[in-house]
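Structure first, then comments.
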Amino acid sequence: MRLSQYFLPTLRDDPKEAEIVSHRFMLRAGMIRQESAGIYSWLPLGLRVLKKIEQIVREEQNRTGAIEVLMPTIQSADLWRKSGRYDDYGKEMLRITDRHDREMLYGPTNEEMITDILRAGTQSYKDLPVNLYHIQWKFRDEVRPRFGIMRGREFLMKDAYSFDLNAEDAVHSYNKMFVAYLRTYARMGLKAIPMRADTGPIGGDNSHEFLILADTGESEVFFDKDLHDMDWSAFEVDYDDRDVVSGVVRDFTSKYAATDEMYVESEFHDKVEEKKRLSGRGIEVGHIFLFGTKYSEPLGAVVQDPDGKPVPVHSGSYGVGVSRLVGAIIESSHDENGIIWPASVAPFDVGLINLRAGDEATDNACQVLYDQMGDAGLDVLYDDKDDRAGGKFSRMDLIGLPWQVIIGPRGVKDGKAEVKNRATGERHDVEMSKVAAFLRDNSPESSA
Ligand code: P5A
């Protein structure tokens, strides 16, 4: 992509409405634009990141055997009356009436709708287990939308829903999602700590939130240092092996970790020796729930069990804050000059900077490099604009692509490019013809 033909409305100065670093950088890097309180347009650069995150989430869901669907954003109030949540949900639900005066709503979540889909399509225990998920916009009329897309009113969520014949099988479905979440966040370069959590309006009695430590997080968290020091890289697991899957969950839940809602000081002190007691703030990037028959009973989602007896199915629901993750990643990966994207979610792999746009030799060298890197499978944003070098460097640092390849007349004369690693700041002089190979050899493996 040539910058001269792209739409990247970057800002030089800090927008005053942005209180936290991710919001500031997202606005300055031209990733989003606010349309109303808590409602944003995703501009080209922001959308690229959102799609990358969405794809990692999708791949890890699919790996567990979950199946993608797409439910609408607008729902009818009927099913919500049956579950009893229509009134319970209160002002956070955006209620709409259509031209026939039918009560509709913009979905804040989809437990009711998916349970009804399951009910209509399933008769026998032989049709189970099944886990259906979608990645869809939600609306919650938050009292205090803030921090940009971090606490939005309209936001993108991955929500999965598992259905099993009995409570024991449902635990395995829950555990699979738990492990998939560890892998998902690890692939984005994040350490998202699972913590025992409150279930709020979703319900049930087993629930974990996944939190990324950040000073700007909205939750207060308390945890064991040993948990923090565990190996958080994405490991392989056979999802069909119940013992292995539950073993991983046990490893990550046996150490104390709780959000302020669930925190009990005496318990923390009993379980964790003083020097290992850590506390801080965290951003909730996922939340999983196991609630048994809470929705299947009122909505009549029953199957015939092996004895021919009708039984309600056992369920859980599993949410990832896809749009919130964009902000959470920036909160945990930036410096004073801008964003530092982990390679797996970067909007482009490389920024190519032409320091003398309009100079024939430099333009030609850049064009050759641009083509070579493209042929090597790299996504390149080519700054071919006729701007000052200083502005080009700071814009490239701000948008945080993992690599910068800098080409000026002097380098062209020597046949050399300057390659800069955004994260470490390291610079290398690389022979022009070897740049693509250099980037390939030095890029972190994507753990897909
Ligand atoms: C689980 C899936 C649920 O809604 N029903 C379907 C369950 N859980 S949740 O915890 O309420 O939300 C799941 C994740 O969505 C993100 N999230 C938000 N992101 C941005 N702005 C918001 N206002 C917002 N509300 C929730 C969080 O990451 C949360 O963990």
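Worth knowing before you read on, the calculation uses all heavy atoms, side chains too, and leaves out hydrogens, waters and symmetry mates. This is a predicted model, so every value here is computed, not measured. Counting starts at 1 for both ligands and their atoms, in listed order.
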- Message: Considering only residues two or more places apart or on different chains, which pairs with a residue in residues 119-132 satisfy side-chain hydrogen bond (donor to acceptor under 3.5 Å, both in side chains)?
- Response: Asp116-Arg119
- Query: For Glu35, does the CD atom have more than 12 heavy-atom neighbours from other residues, nucleotides or ligands under 6.0 Å away?
  - Reply: yes
- Query: Should we count CG of Asp215 as having more than 12 external heavy atoms under 6.0 Å?
  - Reply: no
- Task: Non-hydrogen atoms closer than 4.0 Å to ligand 1: which protein residues do they belong to? List them by chain and number, please.
- Result: Thr109, Glu111, Arg140, Glu142, Ile149, Met150, Arg151, Gly152, Phe155, Met157, Asp159, Tyr161, Ile202, Glu284, Val285, Gly286, His287, Phe289, Ser317, Tyr318, Gly319, Gly321, Arg324
- Query: Val350 versus Leu381: any side-chain heavy-atom pair under 4.5 Å?
  - Reply: no
- When the ring planes of Tyr6 and Phe348 are compared, do they come out parallel, tilted or perpendicular, using 30° and 60° as the limits? perpendicular
- Item | Reported CG-to-CZ distance for the pair Asp224 and Arg277, which is rounded to 0.5 angstrom | 10.0 Å
